[in-house]
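Structure first, then comments.
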Amino acid sequence: MDYDPQELEQRWRERWAESGRYEADPSDVAAHAGGDEAASDDEEPTFITVPYPYPSGGMHIGHARTYTVPDVYARYRRQQGDNVLFPIGWHVTGTPIIGAVERLKKREPKQMSVLQDTYNVPEETLSELETPMGFANHFIEEHYKKGMQSLGLSVDWRREFNTNDERYSQFITWQYETLRDHGRLEKGLHPVKFCTDEQQPVTTHDLLEGENAEFQEYTLVRFGWDREGTEVTVPMATLRPETVYGVTNAYIDPEADYVVADVDSEKWFVSAEAAEKLRLQAHDVEVLEEYEGSELVGQRVENPITGDDVLVLPAGFVDADNATGVVMSVPAHSPDDYVALQEAKADTEYLESFGIDPADVADIEPIPILDIEDDDEDWGEVPAQYAVESNGIESSDDPKLAKATKDLYNKEFHAGHLKDMYGEYAGELVKDVRERFKDDNADTGAFDLMQEFSEEVVCRCGGDVVVAEQDTWFLTYNDEDWKRMAHEVVDGMDTIPDNTRGEYDHTIDWLNEWPCIRNYGLGTRLPWDKDFVIEPLSDSTVYMAYYTIAHRLQDVPVEDLDREFFDALFYGEDAVDDADERALSLREEWQYWYPVDYRFSGNDLISNHLTFYLFHHADLFDESMWPQGIVIMGMGLLEGEKMSSSKGHVVLPGEAIEKYGADTVRFFLLNSAEPWQDYDWRADQVGSVRDQLNRFWNRGQDLIEGPDGDRDELQHIDRWLLSKLQDTVETVTEAMENSETRTASQAAFYGLEESLRWYRRRADLDRSGAQWTQRHVLETRLRLLAPFVPFLTNELHEQLTGTPAEDAPWPEVDAEFESTVVEVEERQVERLTEDVHDIIDVTDTDPETIRVYVAADWKNLVFDTVADVGTNVGQVMGEVMQHESLRERGNEVNQLVQDLVDVVRGLDDDAIEAMREMDEATVYEDATGFLRREFDADVEIYVEGSEDIHDPGERADKATPFRPAIHLE
RNA sequence: GCGAGGGUGGCUGAGCUAGGCCAAAAGCGGCGGGCUUAAGACCCGCUUCCGUAGGGAUUCGAGGGUUCAAAUCCCUUCCCUCGCACCA
């Protein structure tokens, strides 16, 4: 029977679907476990989850791996006898799907290309995708679900749901009401992207420009302007508040629009745009008067920290649409400002046109405020001057200026020590003191804050997008007691790989308040304010509990799923007055499956989703229900490059499965890297995996068609292979326990193949003992590989034994076949073979006779002594010289001891003991048949010093224990 | 900058948490051979350099150090990848 994965895999998919093979129920433990191996009573419930997919697009091969990794573990646990639940749901919360639909409706070319070229959506289907759930359902049904079923994921499909479902929403409602009662939610202000045209918040997907813009917190230094007796605040925006001591003047755009506005009952002079932004950032703003910037030019304003009056100069480079539109100038430390000042001084005519006395400007000198600590370069007193001059910058048009400025900012941030004028902050590094300096001066009222984007942001409608501060609800991840509980979850959890443990702790410490609602999107409304929707990362923190009851919840009318219902379900009948019986029944199933044994997830989710998952479990559930373990998964590449559905640089699972077969796809994905490592889908490698499986299949077929063989006819070489098999079982099992799928599958597949290669070369395969051995090895191997390549192994195992591999128990080490002695003995045969080959290669001869000389008895006596005494040469010599026969040999013995000590070093006790037990001459004698075939030569084995020895080459005395002398003729 | 993970032979990638069986697994590629009418597939062997006896020399980003012994431990240094949020 030829290997035809398509046909074979389809058959198994149908069998699984028809029998409901992976539907897991608490009461249904025994029914699915096949054959007599089922030990139903002590079957452990094992609950495995993976983040539910977000179907805002199709499924590609990277997703395939994400879901196959937990599947392999699930299959492994089933063979170990566990009752395993592996469910899947669909995450549709939030705006991505809505955004995708909008772009589809507009027939945006990029979006159309993704849908039609990358994900092959037929033209006539497009209209069905024009509603959010229509869109989601298409990708759920046509891509994810089909892909997952093709891959053979052992999912309990009865439990699927999506997060826009009314029952799920009741569950989330319960969660958020409970969290609020626990004090985990707080109302507050939060910066959002806000379109000034549409007058509403927008998301990243709504943007035309500035998708990567970051929120920046500017410090506003409140300069004072005595405007004919009226005190007016001129807030100057800066990202470097600590430079306030170095301010020599200020700049304003003389031609832009500015206003005097009432801001929180003070008069502020800011750009017209800034007034609007301040209004959006929760200030009370009323514009009183409108001016051009020139109004302020030539005026003197007072530095709130130093009390100095500085001159306001006109400058075209000031952007009125950035922050307040007024900036302070620190020429000693900003190359930009330094050059601007030089140019201002030079252009007397321009100054005079604003009524400024050029002499006043000429007097302005940079004020150094910090010293740069740098062993390599001397930045001088005025680092900005040094930066400008050493870079050969002549004018503000010089493109090098921006880089010089950025470099100096960086340098000063990390290596700048503040001068004495800073008092309590003097001597400190900028990076250590900036925040404190800012906060302290904000407290005294000298500074204010303002949010601004790092780059221009434009809405798709064409409107300006600015930072607005909006009332929102936060999850208070900054609560100390909550953080402490989250740390406790981490402490009690298995983190795979182990070096991720610190990342959870780090994230817990670093997390701040998290705004958990949005203005629109799919999902659940905030229970107490229906204008808002709970955002995606916040409605997906404890949903694993929902899987345990999702299918049965369908029988309960939505209106019954109130707070009390879920309280009874999750907290028991005592938690409510009159517990709903249905809830209590569901509670049993929840308690049966929970907690989650392992959650498999991408490493990028540690910093949000996974840690939220820990926080929420810590708050909502008892310690006994806390997550037991998380396995982190790496990222995927395609032919060495990032996958990208917008560029069409993806492989679809369906296409890969059609071309190679699902087993090949699975095996490649699990075997090419450990789950947490990044992997690279390379067609040539996948193709070769396919060839390997084909070869494996053919070999299997040959054995299945052949005779059973006879276990009573085992020879040395059979026992060797069987011993290797036990090693493999041990390695694979240990690896699987740690989710090391690569190690496990490598050992089971390639590792054993290695041994088999030697075995086939070494053994007479037609013997009945060899037949039995090979069939036994095949059967064990099929079970070990069943989690990885379930289709192929089920088929072969069923042909071989009548039972699918997945229904057979996981192999255990059979002590009867474990033998270090046999392995050590065979190792000697291998070495002898290698040595003979080496000699033949080097001498380029074709011997007719091979003579092997085993070391004399006295040499073995020395070995035994080394084995007893250890690797201390002196001690060994002392012991050895007790024997008179050895004492005579003096130097010879000394040399031998040295050699043998080297041999023994690094060997474990088992191996040394086995070496003592073995009789070299017999081992080689038994292998003469093989050696004769291998070298097509006569093989003679002698013991050094024996009477019948034939030693024409006089080589016998070169023999040492485990290193026989060899003579070729 | 902060946090995390890396730099190994033509490529991919083990080994490095417990230093010695490591010239360094395995796969791919390359070379040679077998099988075959032939190609593919399949099977076997070789694949750092030197060597007419199983050996030797030089390698695991770079430079030091510890040790009888280091790819593996310590220090310094260079380079690369990822994350740094309110977005799934």
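Every chain is numbered from 1 and lettered A, B, ... according to where its sequence line falls, protein lines coming before strand lines.
- Nucleotide rG1(B) is matched to rC84(B) when pairs are restricted to Watson-Crick or G-U wobble geometry with both distances under 3.5 angstrom.
- One can place OH of Tyr750(A) at 13 Å from C1' of rA25(B), the figure rounded to the nearest angstrom.
- Side-chain atoms of Asn162(A) come within 3.5 Å of backbone N or O of Asn164(A) as a donor-acceptor pair.
- The base of rG54(B) lies outside donor-acceptor range of the side chain of Asp838(A), with no N or O pair under 3.5 Å.
- Mapping His506(A) and Ala673(A) onto RNA chain B by nearest heavy atom places His506(A) at the nucleotide closer to the 5' end.
- Out of rA53(B), rA85(B), rG27(B), the shortest distance to the side chain of Arg955(A) is found at rA53(B).
- Side-chain atoms of Arg184(A) do not come within 3.5 Å of backbone N or O of Leu475(A) as any donor-acceptor pair.
- Separating the P atom of rC50(B) from that of rG61(B) is a span of 24 Å, rounded to the nearest Å.
- Nearest-nucleotide positions on RNA chain B for Arg760(A) and Arg742(A) put Arg742(A) closer to the 5' end.
- Comparing rG34(B) with rG27(B), their C1' atoms are spaced 23 Å from each other, to the whole Å.
- The phosphate of rG45(B) (OP1 or OP2) has a side-chain N or O of Arg761(A) nearer than 4.0 angstrom.
- In the set rA88(B), rA14(B), rG27(B), rA88(B) carries the atom at the smallest distance from any side-chain atom of Thr95(A).
- If you check every strand for non-hydrogen atoms under 4.0 Å, Leu832(A) touches nothing.
- Note: His63(A) and Tyr67(A) have parallel aromatic rings, judged against thresholds of 30 and 60 degrees for the angle between ring planes.
- Under the salt bridge (Lys or Arg N to Asp or Glu O under 4.0 Å) test applied with Arg963(A), the options Asp899(A), Asp902(A), Asp835(A) reduce to a single match, Asp835(A).
- Taking the C1' atoms as reference points, rG13(B) lies 11 Å from rC28(B), given to the whole Å.
- Using a 30° and 60° split on the angle between ring planes, Phe474(A) and His190(A) fall in the perpendicular class, above 60°.
- At the heavy-atom level, Ile840(A) lies nowhere under 4.0 Å from the strands shown.
- Counting only heavy atoms from C-beta on, Asn608(A) has its side chain closest to rA88(B) among rC43(B), rA88(B), rC28(B).
- In the displayed structure, Asp684(A) atom CG is contacted under 6.0 Å by more than 12 heavy atoms of other residues, nucleotides or ligands.
- Here the C1' atom of nucleotide rG54(B) and the NE2 atom of His967(A) are 13 Å apart, to the nearest Å.
- The side chain of Arg682(A) approaches rC11(B) more closely than any other nucleotide in the set rA53(B), rC11(B), rG54(B).
- Nucleic acid contact class of Leu537(A) (heavy atoms, under 4.0 Å, all strands): base.
- Distance noted for atom C1' between rC46(B) and rU36(B): 23 Å (whole Å).
- Regarding Met635(A), its CE atom lies at a distance of 13 Å from the C1' atom of rG5(B), rounded to whole Å.
- Among the heavy atoms of the strands, none lies under 4.0 Å from Ala911(A).
- Note: NE2 (His837(A)) to P (rC46(B)) measures 8 Å, nearest angstrom.
- Residue Arg699(A) places no side-chain N or O under 4.0 Å from the OP1 or OP2 atom of rC42(B).
- Annotation: rC74(B) and rA23(B) have their P atoms spaced 22 Å apart (nearest Å).
- Residue Glu754(A) is classed as a sugar-phosphate contact, given heavy-atom separations below 4.0 Å to backbone atoms only.
- Comparing the same atom, C1', in rC22(B) and in rC16(B) gives a spacing of 12 Å after rounding to whole Å.
- Checked against rA88(B), rA53(B), rC42(B), the side chain of Ile839(A) finds its nearest nucleotide in rA53(B).
- Nearest to the side chain of Asp684(A), among rC28(B), rA53(B), rC87(B), sits rC28(B).
- The interatomic distance linking Arg695(A) (CZ) with rC44(B) (P) rounds to 8 Å, in whole Å.
- In the set rC87(B), rA26(B), rC28(B), rC28(B) carries the atom at the smallest distance from any side-chain atom of Ser688(A).
- Both distances falling under 3.5 Å, in either a Watson-Crick or a G-U wobble arrangement, occur for no nucleotide opposite rU59(B).
- Nucleotides rU81(B) and rA25(B), compared at atom P, are 29 Å apart to the nearest Å.
- His190(A) has its NE2 atom 10 Å from the C1' atom of rA85(B), to the nearest Å.
- rA41(B) sits 23 Å from rU47(B) when the C1' atoms are compared, rounded to a whole Å.
- Among the heavy atoms of the strands lying under 4.0 Å from Pro536(A) are primed sugar atoms or P, OP1, OP2 only; no base atom is included.
- For rC31(B), the paired base is rG45(B) (Watson-Crick or G-U wobble, both distances below 3.5 Å).
- The side chain of Glu503(A) has rA4(B) as its nearest neighbour among rA4(B), rG27(B), rA53(B).
- A sub-4.0 Å separation between OP1 or OP2 of rG29(B) and a side-chain N or O of Gln685(A) is absent.
- At the heavy-atom level, Glu969(A) lies nowhere under 4.0 Å from the strands shown.
- The pair Lys724(A)-Glu826(A) does not count as a salt bridge, with every side-chain nitrogen at least 4.0 angstrom from each carboxylate oxygen.
- At whole-Å resolution of the value, CD in Glu753(A) and C1' in rC42(B) are 13 Å apart.
- With a 6.0 Å radius and a threshold of 12 heavy atoms from other residues, nucleotides or ligands, Glu830(A) has its CD atom above the threshold.
- Within 4.0 Å (heavy atoms only), Asp841(A) reaches no atom of the nucleic acid at all.
- In this structure, CG of Asp702(A) is placed 19 Å from P of rA41(B), rounded to the nearest angstrom.
- Within the nucleic acid shown, Pro964(A) comes within 4.0 Å of at least one base atom, counting heavy atoms only.
- Under the Watson-Crick and G-U wobble criteria, each requiring two contacts below 3.5 Å, nucleotide rC22(B) is left unpaired.
- Relative ring orientation between Tyr52(A) and Tyr543(A) is described as parallel, the plane-to-plane angle staying below 30° on a 0-90° scale split at 30° and 60°.
- Using a 4.0 Å heavy-atom distance criterion, Arg757(A) is classed as a sugar-phosphate-only contact.
- Of the candidate nucleotides rA26(B), rG54(B), rA85(B), rA85(B) has the atom lying nearest to any side-chain atom of Trp510(A).
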